[in-house]
Student: 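Take a look at this one; I'll ask things after.
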Amino acid sequence: MLSFESDYIKGAHPKVLEALVQTNMEVLPGYGSDSYCERAAQKIKDACGKPEAEVFFLVGGTQTNQTVISTMLENYEGVVAAQTGHVSTHEAGAIEYTGHKVLPLPEEHGKIKAADLQNLMELFYGDGNHEHMVFPGMVYISHPTEYGTLYSKAELQAIHTVCRNYDIPLFVDGARLGYGLASRNTDVTLKDLASLCDVFYIGGTKVGALCGEAVVFTGNRVPKHFLTQVKQHGALLAKGRLLGVQFDALFTDDLYMQISRHAIEMADQLKSIFREKGYRFYLESPTNQQFIILENGKMKELEELVRFSFWEAYDEHHTVVRFATSWSTTDEELEELKKIL
């Protein structure tokens with residue numbers, strides 16, 4: 001069946017898979033101490049313009065979010081996130097499971113505002129009883145957001161400033177980072193991002209790898225014995241080579257950005273098809289996730305022929321659904337979708 005359900009419905013980009021096959025019989029040490037992890041980490045630091053950064057490879061997005069947040073917070077602290085943020089809604093309480101509360105902020109199409117963050121901090125420290133409350137210990141944002149929207153450089157700088165003023169780290173979830181950096185509507189580069197947060201991760205699972213995320217600490221805030229804590233959280237692979245080889249391939253000859261730009265090109269074509277057919281968009285997304293408003297009856301019809309994701313109810317008779325392109329989307333798939341619509 002034709003599928004636009006997500007950006008990780010297929011395996012790995014052929015060049016990534018080829019690298020895994022070619023290195024398969026090499027004898028390498030475990031737990032990320034191999035030469036490919038070391039080389040991939042160096043390539044990532046070079047791409048970020050942060051030679052002093054520290055890079056770790058973890059198995060997946062939820063494990064990465066939980067591990068980074070819980071190890072950076074004190075036991076009396078929580079993490080500030082958009083009400084629609086991934087850690088707030090779609091991670092099965094993984095953050096709360098570690099004993100840390102998610103402190104929600106209002107959002108607009110997935111993005112928080114520096115003014116709202118400033119207001120939260122002022123209200124907290126202005127409360128005479130704040131010693132009896134959960135402290136806001138860090139800020140979590142996604143780039144792109146769960147709605148495919150992007151922060152501008154000015155917006156990131158404003159949030160960064162609030163975090164600096166209160167000495168709390170800014171953590172950027174980059175599960176789909178490639179698709180954000182490749183967007184034609186962004187003014188944020190990888191080097192900008194690395195300079196405006198304390199820690200972020202470069203998503204592999206959704207951007208051409210079989211699995212894996214590369215966590216980059218840029219703000220001198222690496223938790224003590226972080227690798228040990230990664231293992232405690234079940235996010236450390238014994239065969240760490242699996243992640244190192246993949247990220248080494250993704251950061252060779254600009255492959256990560258090439259395949260990300262492909263997804264954006266496919267998303268632009270996807271938008272054109274829906275517009276030509278008279279469909280309504282829930283919002284304007286500049287990345288690979290597109291949100292369409294479907295009449296419920298039409299949604300049932302389409303579900304028989306193509307897969308997509310339920311997002312949220314729009315009203316009694318309509319539903320917002322998501323169509324996602326990826327590194328693997330083809331012109332032929334778009335043509336088939338056009339015929340179906």
Side-chain angles (χ1 to χ4, degrees), residues 1-17 60-61 86 90 109-110 142-151 173-186 188 190 202-213 246 249-250 254-294 298-299 302-303 305-312 319-341:
M1 179 183 282
L2 186 64
S3 179
F4 293 88
E5 189 172 8
S6 72
D7 35 26
Y8 49 95
I9 55 175
K10 294 182 182 176
H13 186 277
K15 288 186 178 180
V16 173
L17 197 59
H86 206 60
H90 287 151
H109 295 161
S142 299
H143 186 80
T145 71
E146 286 66 36
Y147 286 89
T149 52
L150 296 170
Y151 287 92
D173 178 332
R176 293 185 168 90
L177 182 59
Y179 304 133
L181 297 175
S183 172
R184 296 181 179 87
N185 296 67
T186 188
V188 176
L190 183 59
I202 300 169
T205 303
K206 296 179 173 70
V207 194
L210 281 174
C211 62
E213 325 296 321
Q246 291 184 91
L250 287 170
D254 203 35
L255 179 62
Y256 191 73
M257 291 307 299
Q258 287 179 25
I259 62 181
S260 296
R261 285 191 286 268
H262 171 78
I264 298 301
E265 291 170 3
M266 294 292 101
D268 287 344
Q269 292 185 39
L270 182 75
K271 284 192 278 191
S272 295
I273 290 171
F274 276 110
R275 287 195 178 105
E276 288 172 10
K277 297 291 185 177
Y279 286 83
R280 287 191 295 157
F281 288 80
Y282 179 61
L283 52 79
E284 184 61 36
S285 165
T287 59
N288 71 313
Q289 300 178 86
Q290 299 301 315
F291 298 87
I292 315 298
I293 301 172
L294 294 180
K298 182 64 175 178
M299 182 178 68
L302 285 179
E303 284 177 334
L305 300 169
V306 59
R307 288 180 179 151
F308 46 84
S309 296
F310 167 88
W311 209 248
E312 60 189 62
T319 300
V320 179
V321 301
R322 184 190 70 178
F323 282 71
T325 59
S326 75
W327 60 271
S328 64
T329 305
T330 65
D331 290 322
E332 290 75 17
E333 288 171 333
L334 291 175
E335 281 300 314
E336 187 176 348
L337 176 65
K338 187 174 182 178
K339 293 175 184 177
I340 292 172
L341 296 177

Student: Are the side chain of T145 and the backbone of G110 linked by a donor-acceptor contact shorter than 3.5 Å?
Tutor: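 No; judged by distance alone, with no hydrogens or angles, the pair does not exist.
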
Student: Minimum heavy-atom separation for G11 to L210, with atom names?
Tutor: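 So the minimum-distance heavy-atom pair works out to C-CD2, 3.8 Å.
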
Student: May I ask you to test the I292-F308 pair for a side-chain heavy-atom distance under 4.5 Å?
Tutor: no

Student: Under the 3.5 angstrom rule, does the side chain of R322 hit a backbone N or O of E5 as a donor-acceptor pair?
Tutor: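 Here the side-chain-to-backbone pair exists.
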
Student: With a 4.5 Å limit on heavy-atom distance, are the side chains of Q269 and D331 in contact?
Tutor: yes

Student: Could you measure the distance from the CG atom of L190 to the CD1 atom of I202? Nearest 0.5 Å is fine.
Tutor: 5.5 Å

Student: So, S285 side chain and T149 main chain: donor-acceptor pair closer than 3.5 Å or not?
Tutor: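 Such a contact is absent between S285 side chain and T149 backbone.
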
Student: For the CG atom of D7 and the CD atom of Q289, what is their distance to the nearest 0.5 Å?
Tutor: 6.5 Å

Student: Which atoms form the tightest heavy-atom contact between S183 and P286, and what is the distance?
Tutor: OG-O, 2.8 Å

Student: Could you check whether the rings of W311 and Y147 sit parallel, tilted or perpendicular, using 30° and 60° as the cut-offs?
Tutor: perpendicular

Student: Output the distance between atom NZ (K339) and atom CG (L305), rounded to the nearest 0.5 Å.
Tutor: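 Going from NZ on K339 over to CG on L305, the span is 13.5 Å.
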
Student: With sequence neighbours excluded, tell me which residues meet ring pair (Phe, Tyr, Trp, His ring centres under 6.0 Å) with Y256.
Tutor: F251

Student: Just wondering, do E333 and M266 contact through their side chains at under 4.5 Å, heavy atoms?
Tutor: no

Student: Counting only N and O atoms by type, is there a donor-acceptor contact under 3.5 Å from the side chain of T329 to the main-chain atoms of S326?
Tutor: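 Here the side-chain-to-backbone pair exists.
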
Student: Atom CD1 of I259 and atom OH of Y179: how far apart are they, to the nearest 0.5 Å?
Tutor: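 OH of Y179 is found 6.0 Å from CD1 of I259.
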
Student: Angle between ring planes, F281 versus F274, binned at 30° and 60°: parallel, tilted or perpendicular?
Tutor: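 Taking F274 first and then F281, their aromatic rings stand perpendicular (interplane angle over 60°).
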
Student: After noting the C-alpha distance and the side-chain angles of T186 and L181, does the key distance pass the side chain to side chain contact (heavy atoms under 4.5 Å, CB included) rule?
Tutor: CA-CA 7 Å; T186 188; L181 297 175; 5.8 Å; no

Student: Please round to the nearest 0.5 Å and tell me the distance separating atom CD1 of I273 and atom CZ of R275.
Tutor: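 So the gap between those two atoms works out to 12.0 Å.
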
Student: Assess the residue pair V188 and L150 against the criterion (side chain to side chain contact (heavy atoms under 4.5 Å, CB included)); give the C-alpha distance rounded to whole Å, side-chain angles, the decisive distance to 0.1 Å, and a yes or no.
Tutor: CA-CA 9 Å; V188 176; L150 296 170; over 6 Å; no

Student: Is any side-chain N of the basic residue among E284 and K271 closer than 4.0 Å to the acidic one's carboxylate O?
Tutor: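 Counted as a salt bridge, because a side-chain N and a carboxylate O are separated by less than 4.0 Å.
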
Student: Of all heavy-atom pairs between A209 and A12, which one has the smallest distance, and what is that distance?
Tutor: C-CB, 4.2 Å

Student: What heavy-atom pair brings T319 and E312 nearest, and what distance separates the two atoms?
Tutor: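 Where T319 meets E312 most closely, the heavy atoms are CG2-O, 3.5 Å.
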
Student: Please work out whether the ring planes of W327 and H13 are parallel, tilted or perpendicular, with thresholds of 30° and 60°.
Tutor: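 Judged by the thresholds at 30° and 60°, the geometry between W327 and H13 is tilted.
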
Student: Does any non-hydrogen side-chain atom of L334 lie less than 4.5 Å from one of F4?
Tutor: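 Yes - at least one pair of side-chain heavy atoms lies under 4.5 Å apart.
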
Student: Measuring from E332:CD to E335:CD, what's the distance to the nearest 0.5 Å?
Tutor: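 Rounded to the nearest 0.5 Å, the CD-CD separation comes to 8.5 Å.
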
Student: So does A263 get a backbone contact from the side chain of T325, meaning a donor-acceptor N/O pair under 3.5 Å?
Tutor: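 Answer holds: yes.
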
Student: Any side-chain heavy atom of L270 within less than 4.5 Å of one from L337?
Tutor: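 With C-beta onward as the side chain, the pair touches.
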
Student: Using ring pair (Phe, Tyr, Trp, His ring centres under 6.0 Å) as the criterion, list what pairs up with Y282, not counting sequence neighbours.
Tutor: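 For Y282, no residue satisfies ring pair (Phe, Tyr, Trp, His ring centres under 6.0 Å) once neighbours in sequence are set aside.
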
Student: Would you name the heavy atoms of I264 and N288 that are closest together and state the gap between them?
Tutor: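 The answer is CD1-N, 3.9 Å.
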
Student: Measure from the side-chain N and O atoms of E146 to the backbone N and O of H86, and report whether any donor-acceptor pair falls under 3.5 Å.
Tutor: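 Here the side-chain-to-backbone pair exists.
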
Student: Which heavy atom in A249 sits nearest to a heavy atom in L255, and how many Å separate them?
Tutor: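 Minimum heavy-atom separation between A249 and L255: O-CD2, 3.6 Å.
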
Student: Using only atom types and a distance under 3.5 Å, with no angle test, would you say the side chain of Q290 pairs donor to acceptor with the backbone of T287?
Tutor: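 It does hold such a pair.
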
Student: Just so I know, are the side chains of R176 and S142 near enough to count as touching, which here means a heavy-atom distance under 4.5 Å?
Tutor: no

Student: Would you say that T330 contacts E336 through its side chain, given a criterion of any heavy-atom pair below 4.5 Å between the two side chains?
Tutor: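 A side-chain contact under 4.5 Å is absent here.
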
Student: Just by distance, do the side chain of T205 and the backbone of G60 share a donor-acceptor pair under 3.5 Å?
Tutor: no

Student: What residues form a side chain to side chain donor-acceptor pair (under 3.5 Å) with D268, not counting sequence neighbours?
Tutor: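 Counting only residues at least two positions away or on another chain, D268 forms a side chain to side chain donor-acceptor pair (under 3.5 Å) with R184.
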
